[in-house]
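When a residue number appears, it is its place in the shown sequence, counting from 1.
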Amino acid sequence: MNFSDFYDLHFSLFLSEQIIPPSFIKPLMEMEEILGTNIQIGCKISGSLPITVEWMKDGTKLSGRTKHKLLKDENNVSLEIECLEKADTGTYTCKLSNKAGSCECSVSKQMYLSFFPINYLEPPSFVLVPESQAVVPNTTVRFKSTFKGTSPFTVKWFKDDTELICGPSCFTGLEGLSCFLDLFAVGISHSGTYSCQINNDAGTAKCTTTLLVKGWTSFKYSYQRSSLSMFF
């Protein structure tokens with residue numbers, strides 16, 4: 001077969017890279033932190049670059065210009081909060097966005113990670129310390145203090161640095177945010193310095209007081225009988 005005309009066929013191949021929407025490989029975790037410390041909350045992400053990262057607290061965007069630092073290292077993003085205070089309590093959100101999709105869809109694919117509460121542990125501190133007392137022997141003495149902080153608490157009482165154990169001569173108790181030490185039928189040997197120590201997961205607080213048990217004062221009266229001699 002003879003062809004008088006030749007036709008060239010041209011094919012064009014267009015390759016386009018698929019844009020993958022962002023996602024979280026390792027999401028944010030709920031955490032408890034101590035007031036006054038610095039923390040980092042972060043997550044691991046994936047998706048086609050560039051990915052825009054935004055952090056929000058209770059729906060308000062964080063700029064990173066004050067006490068917040070916005071950090072990014074490859075596929076790890078984090079938010080650093082300096083010197084935690086109660087005002088930092090809230091829900092933190094990490095928002096990721098990139099241009100994922102075809103030209104027919106111009107909106108960015110977005111993914112939100114919400115409901116990230118931060119709870120803070122407050123170290124114990126005394127609101128009311130036990131008052132020093134001076135009593136007579138055989139009296140029942142109660143030392144009581146009130147405090148604040150994040151529960152749970154453990155309370156210990158000491159006399160001159162020796163921990164007191166509940167028994168026939170003393171009893172210790174914890175009632176909410178107050179604690180007490182009862183001393184029964186005290187004697188002069190109970191006089192001294194008493195201290196209350198409160199602990200929680202954030203720290204320790206300690207206060208001291210004194211007890212004076214007054215002894216019985218005895219007096220000795222002596223006299224000499226003088227004799228009168230009469231001489232005649």
request  = Verify the cluster assignment for L212 and V141: are they in a single hydrophobic cluster under the rule of side-chain heavy atoms below 4.5 Å apart?
outcome  = no

request  = Drop me the distance from C83's SG to I39's CD1, to the nearest 0.5 angstrom.
outcome  = 11.5 Å

ask   = Without hydrogens or angle criteria, can the side chains of T193 and T210 be said to hold a donor-acceptor pair below 3.5 Å?
value = no

inquiry  = Apply side-chain contact (heavy atoms from CB on, under 4.5 Å) to residues L70 and L79 and explain how you reach the verdict.
reply    = CA-CA 5 Å; L70 312 183; L79 171 68; 3.4 Å; yes

key: Close side-chain approach of C94 and F24, heavy atoms under 4.5 Å   = yes

ask   = Do L181 and R142 come close enough that some side-chain heavy atom pair is under 4.5 Å?
value = no

task = Enter the distance from W55:CH2 to T60:OG1 here, rounded to the nearest 0.5 Å.
result = 15.5 Å

inquiry  = What's the separation between atom CG in L49 and atom CD in E74, rounded to the nearest 0.5 Å?
reply    = 10.5 Å

ask   = Looking at V213, D160, V135, which hits side chain to side chain contact (heavy atoms under 4.5 Å, CB included) with S191?
value = V213

request  = State plainly whether one hydrophobic cluster holds both L96 and I20, where clusters connect Ile, Leu, Val, Met, Phe, Trp and Tyr through side-chain heavy atoms under 4.5 angstrom apart.
outcome  = no

inquiry  = Parallel, tilted or perpendicular: which one describes the rings of Y194 and F143, with boundaries at 30° and 60°?
reply    = tilted

message = Does any part of the side chain of T139, heavy atoms only, come nearer than 4.5 Å to the side chain of V186, both counted from C-beta?
response = yes

message = Test side-chain contact (heavy atoms from CB on, under 4.5 Å) on C179 and F153; report intermediate values, then the result.
response = CA-CA 10 Å; C179 59; F153 302 96; over 6 Å; no

ask   = Can you check whether H68 reaches E80 side chain to side chain, under 4.5 Å on heavy atoms?
value = no

query = Is any side-chain heavy atom of S46 closer than 4.5 Å to a side-chain heavy atom of P22?
reply = no

query = Does CG in D161 sit with more than 12 non-hydrogen atoms of other residues, nucleotides or ligands closer than 6.0 Å?
reply = no

query = Measuring from K144:NZ to T209:OG1, what's the distance to the nearest 0.5 Å?
reply = 15.0 Å

request  = Taking atom NZ of K72 as the centre, report whether more than 12 heavy atoms of other residues, nucleotides or ligands fall under 6.0 Å from it.
outcome  = yes

inquiry  = Checking one residue: F184. Which other hydrophobic residues are in its cluster under the side-chain 4.5 Å linking rule?
reply    = F171, F180

inquiry  = Less than 4.5 Å apart, side chain to side chain, heavy atoms only: is that true for C196 and V155?
reply    = yes

inquiry  = Within the structure provided, determine whether C43 and V77 are in side-chain contact (heavy-atom separation under 4.5 Å).
reply    = yes

request  = Walk me through it: do H190 and L211 pass the test side-chain contact (heavy atoms from CB on, under 4.5 Å)?
outcome  = CA-CA 7 Å; H190 287 88; L211 174 65; 4.1 Å; yes

ask   = Taking the six-membered ring of F158, is the NZ or CZ of K206 close enough (under 6.0 Å from the centre) and on axis enough (within 45°)?
value = yes

task = Grab the two heavy atoms, one from P124 and one from A205, that are nearest each other, plus how far apart they are.
result = O-CB, 3.4 Å

request  = Considering only NZ, NE, NH1 and NH2 on the basic side and carboxylate oxygens on the acidic side, decide whether E82 and K69 come within less than 4.0 Å.
outcome  = yes

message = Just by distance, no angles: are the side chains of T150 and N200 close enough, under 3.5 Å, to form a donor-acceptor pair?
response = no

Rounded distance (nearest 0.5 Å) linking atom OG1 of T172 with atom CG of L164 = 8.0 Å

key: Pairwise side-chain contact, M56 with D58, heavy-atom cut-off 4.5 Å (strictly under)   = no

inquiry  = Using side chain to side chain donor-acceptor pair (under 3.5 Å), reason through T204 and N199 one step at a time and then give a plain yes or no.
reply    = CA-CA 5 Å; T204 302; N199 302 276; 2.6 Å; yes

key: For the student: nearest non-hydrogen atoms of S48 and N98, plus distance   = O-ND2, 2.9 Å

query = Between NZ of K156 and CD1 of I198, what distance do you get to the nearest 0.5 Å?
reply = 13.0 Å

